[in-house]
Number of protein chains: 2
Amino acid sequence: MTYCVAIKLNDGLLFLSDTRTNAGVDNISRVKKLFTWCEPGDRAVAMMTAGNLGITQAVISALNEDIDYPKQGQPNLMTAETMFNVAELVGDKMRDVQTRYGTALQARGVDAAASILVGGQRKGGAPRLFLIYAEGNFIEATADTPYFQIGEHKYGKPIIDRVVSVETEMPDAVIAALLSMDSTLRSNLSVGMPLDLAVLRTDAMAFEQERRIEADDDQFRAFSELWSQQLKDSFLVMRNMAV
Amino acid sequence: MTYCVAIKLNDGLLFLSDTRTNAGVDNISRVKKLFTWCEPGDRAVAMMTAGNLGITQAVISALNEDIDYPKQGQPNLMTAETMFNVAELVGDKMRDVQTRYGTALQARGVDAAASILVGGQRKGGAPRLFLIYAEGNFIEATADTPYFQIGEHKYGKPIIDRVVSVETEMPDAVIAALLSMDSTLRSNLSVGMPLDLAVLRTDAMAFEQERRIEADDDQFRAFSELWSQQLKDSFLVMRNMAV
């Protein structure tokens, strides 16, 4: 599986993904699921993928082909006029790819399900974040629910529900996302290090951070251990409570 | 859905369930999922159910019928010689019920999936805990994994993974189970108050606690609020950490 979380704050957008992919528990490997495109000052776009890897890689490759070999009158990720248009492009590619391979996959009993988070900002527009379904349609993050998760979303949902709102500042949201990932990593083998993180501040039109956190990253390990200790200490406090 | 967690400690067994049932989000009601049987000094048995309510109620009713109208030479929950035999009885009933209704349910596209946690202790035996599958087969909790969850298990798994082991003392395990439930309640509408809790100490052969925690329970609300505050405080500590 996968765990990806994207958060849309007043401060900007953040994207965090793991890198584990597996076809059964006996076939695990590492694959990038966070992709970024940037024309500094004009636009910055990030995407994260979950589900059937053949499907999502085909979508990403097709989007890149359209950038590398632009066709007259056909917008691509780097020329689309708005973030809504970007989401439409991604949804259209998803539908094309599903149409091309879906029937054959289904015939062999392979799950073609896939989903994509795409967000970013274009000059003159606001930062926006979309969740694209396998059918190519999509929904947008709003102030009421400022985050989307794809993949193994349940383990890491409680902490985000508790601490993140649209007013949360970016450094805090990064910490919340990392804690959410940490809980997921501990409880689900199909989600694994390293992690990819991208941070896009509102109106910056360029990524403030694009970072891989490796499994042996000392800072992340210390962070993870401190959280574990904090939870254990909190638990000790709860022991003194009659219930 | 449902969330039930049972933990097997050296100290004894604990069972915690929610009481929400739903056939779609527009048809929510309250139903008991934790059942106990006790002959003080001889045996104490508890069961919790998840999945298709028609299936699990049929299993419980059939088990009770066998107690109320015992048949010569046929053991029931109150006469089975060992906890392993109890698990076999439950598994057999599950298989009978699935055989009787499974095809008709499948024909209408209704999911007949169900699972049952059954645990307890019989005089002369040790406390044991089993997870019964829809097929009637089962697995047993061991010291390596001293707990089982059924239903919406993911939200509440991280906290149990972090703080519960077979050596954990009963009051601490009760707190861990309640925190696990609290996280699930916050993140999933299909799990709801009130809660049912049963505690069975090793060699007591009678339940130390059998308790319903209502939605307006002041103690549980204060407990839930304290945990929320603890998590927020822990989060503030994490903010001071470079990552």
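Every chain is numbered from 1 and lettered A, B, ... according to where its sequence line falls, protein lines coming before strand lines. Note that the structure is a prediction, hence the values are computed from the model and not measured.
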* Intermediate values then yes/no, side-chain contact (heavy atoms from CB on, under 4.5 Å), A:S183 and B:K157 -> CA-CA 9 Å; A:S183 293; B:K157 189 170 190 294; over 6 Å; no
* To do: Could you give me the CA-CA distance, side-chain angles and deciding distance for B:K154 and A:E152, then say whether side-chain contact (heavy atoms from CB on, under 4.5 Å) is met?
  => CA-CA 9 Å; B:K154 294 186 180 184; A:E152 284 289 351; 2.8 Å; yes
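In terms of non-hydrogen atom pairs under 4.5 Å with chain A, the most contact-rich of B:D182, B:T184, B:N188 is B:D182. Here A:L226 is the residue among A:D218, A:L178, A:D161, A:L226 with the most heavy-atom pairs under 4.5 Å with chain B.
Heavy atoms from other residues, nucleotides or ligands lying under 6.0 Å from CD of B:Q209 number more than 12. Heavy-atom neighbours of B:Q106 CD from other residues, nucleotides or ligands within 6.0 Å: at or below the threshold of 12.
Residue contact with chain A, scored on non-hydrogen atoms closer than 4.5 Å, involves the side chain of B:L179 exclusively. Within the 4.5 angstrom heavy-atom criterion, no atom of A:I160 approaches chain B.
The nearest pair of heavy atoms linking B:I175 to A:R239 is CD1-CA, 3.4 Å. Summarising the geometry of B:S234 relative to A:S234, their closest heavy-atom pair is OG-OG, 3.1 Å, with the distance given to 0.1 Å. Closest approach of B:D172 and A:F235 over heavy atoms only: O-CZ, 3.2 Å. Counting all heavy atoms, side chain and backbone alike, B:M238 lies closest to A:W227 at CG-CE3, 3.5 Å.
Side-chain contact between B:V163 and A:L231: absent, with no pair of heavy atoms (C-beta onward) separated by less than 4.5 Å.
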